[in-house]
Amino acid sequence: MSTTENTSDGPTPAGAAHDWVEVQSGPEFVELRRRLRTFVFPMAGLFLVWYLVYVLLADYAHDFMSTKVLGNINVGLILGLLQFVSTFAITTLYVRHANKNLDPRAEALREKLEGGQA
C-alpha cells in the first residue's frame, strides 16, 4: 500500500494518508455500515419476495390474475403497476433513511478523516 494517494488534485502528502483498513474497522464506519445494511437487506428481501410472488401468480394463477376489477382492468395489471409503485416507495424510503441516518454520520466521518477540510 502506498503512502500517497493519487487524486484529481494531485498526490496526498504521506502525513495525510489514512490506513483504510483501520478506518473500515473503526466504530464509526462499522455503525454506518450496520445502519445501511439494516435497511437495505430487509428491504431488498421484501421486494424480491413481492416480485417472486407476482411472477408465480402470473405463471400459475391465471384465473386469479385475469379476474376483472373494473372494466378491462384485471388483478394482474394492478399488481404489475404496484411493482412500479413499490419501487418508487422503496426509493423514497431509502432517501429518507439515508438523509436521516446515513448521510450525517458519513459526513462526520469524512470531516474527521479530512481534518475539518471540506
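Just so it is clear, the values below take in all heavy atoms, side chains as well, and ignore hydrogens, waters and symmetry mates.
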Rounded to the nearest 0.5 Å, what separation is found between the [atom1] atom of [X] and the [atom2] atom of [Y]?
| X | Y | atom1 | atom2 | value |
| --- | --- | --- | --- | --- |
| K100 | R96 | NZ | CZ | 10.5 Å |
| S66 | L77 | OG | CG | 12.5 Å |
| L82 | W50 | CG | CH2 | 5.0 Å |
| M43 | T91 | CE | OG1 | 10.0 Å |
| F29 | R33 | CZ | CZ | 5.5 Å |
| I78 | M65 | CD1 | CE | 10.0 Å |

With side chains defined as the heavy atoms from C-beta onward, is the minimum distance between [X] and [Y] less than 4.5 Å?
| X | Y | answer |
| --- | --- | --- |
| L109 | L113 | yes |
| T67 | V75 | yes |
| Y51 | L46 | no |
| L57 | L79 | yes |
| N101 | F39 | no |
| K68 | I73 | no |
| L102 | Y94 | yes |

Identify whether [X] and [Y] are in the same connected component of the hydrophobic contact network (ILVMFWY, side-chain heavy atoms under 4.5 Å).
| X | Y | value |
| --- | --- | --- |
| V53 | L81 | yes |
| F47 | L52 | no |
| L56 | Y54 | no |
| I90 | V95 | no |
| Y60 | V49 | no |

**Q.** Closest non-hydrogen atom pair, P104 against A98
**A.** CD-O, 3.9 Å
Q | Where S86 and Q83 come nearest, the two heavy atoms and their spacing | A |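 Result for this residue pair: OG-O, 2.8 Å.
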Q. Out of K112, R35, R105, which residue meets the salt bridge (Lys or Arg N to Asp or Glu O under 4.0 Å) rule with E28?
A. K112
Q | Heavy atoms of other groups near N99 CG, more than 12 under 6.0 Å | A |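 For N99, atom CG is crowded (more than 12 foreign heavy atoms under 6.0 Å).
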